[in-house]
Amino acid sequence: MQIVHTLPALADALKPYRHPAVVPTMGNLHEGHLALVRQAKPLGDVTVATIFVNRLQFGPQDDFDTYPRTLAADCAQLEAAGCDLVFAPTEQEFYPEPQVFRITPPPALTDMLEGQFRPGFFAGVCTVVLKLLCCTQARSAVFGKKDYQQLMVIRQMARQFTLPVDIVGGDTRRAPDGLALSSRNGYLNAAERAQAAELHACLQSVAQAVRAGNADFARLEAQAMDSLRQRGWQPDYVALRRQSDLQLPQADDALVVLAAARLGNTRLIDNLEL
Ligand code: PAF
């Protein structure tokens, strides 16, 4: 596996290939990321992972400075997962001058759910993803479904800009108790970790109620948020939406239930397709 840190070295390493399959990450990798790499492998003639902690998508109160940077361990895991090429630029390399050209995603897709609680997040994500897709010459790119809204926004961006890339969603990997794997799980202390699967359980009970015919979505969402609060969580949202664009569902729409909640100082997100 080759590891490159500069744009010219990346362009050089990509020369023999026609169809890079790319997995963009911010590093601190876990089994969820590695599953995306394995999913990407048959999609292209070279499997590329990017590792870049993107300042543009962090708010002033977010964990940009403390976000774990674990390049050596990440590369060892990527190599074992069959990755061919890692692009891990420094900030100076990737943003050598202030990134004043930015993507402004449409408010209809981003003023709700994650976008409501993390202003500027999707502008930062779209800007870096567009730049990463361009410089890796991605023809396929795999993003985890755990960040469901992120995947939807990136998919729509790629479609509207007619980017020559197929955006592919990868299923969420879970710990045996149901907790969705996430780099931020590492922030949980032992007591919080023991409790953390309650978020997934909460989504399951909403999904179960809907499958049983309960169509009072507003009430189900409110009840789920109450039950999280009673267990000591601070929920931002529990929301039943249609899968395609995360708008309020109409009859017969395929549904997804999404949640974000804070446990202590750690904010977790999760979702379940119904
Ligand atoms: O999901 C992530 O890890 C990041 O948001 C991404 C897509 C790599 C962009 O920085």
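Every number for a ligand or one of its atoms is a count from 1 in the order of the listing.
Within ligand 1, counting atoms from 1 as listed, the ones closer than 4.0 Å to a heavy atom of V128 are 9 (C), 10 (O). In the vicinity of Q57, heavy-atom distances shorter than 4.0 Å reach the ligand 1 atoms 4 (C), 5 (O), 9 (C), 10 (O).
Contacts of T50 with ligand 1, taken as heavy-atom pairs under 4.0 Å, are absent altogether.
Scanning the protein heavy atoms around atom 2 (C) of ligand 1, the nearest turns out to be Q150 NE2, 3.8 Å.
Between F94 and F52, the ring-plane angle classifies as tilted under the 30° and 60° cut-offs.
Side chain to side chain, Q208 and R211 fail the donor-acceptor criterion of an N or O pair below 3.5 Å. Between E192 and Y187, the side chains place no donor N or O within less than 3.5 Å of an acceptor N or O (distance only, hydrogens not considered).
Other residues, nucleotides and ligands contribute at most 12 non-hydrogen atoms within 6.0 Å of the CZ atom of R219.
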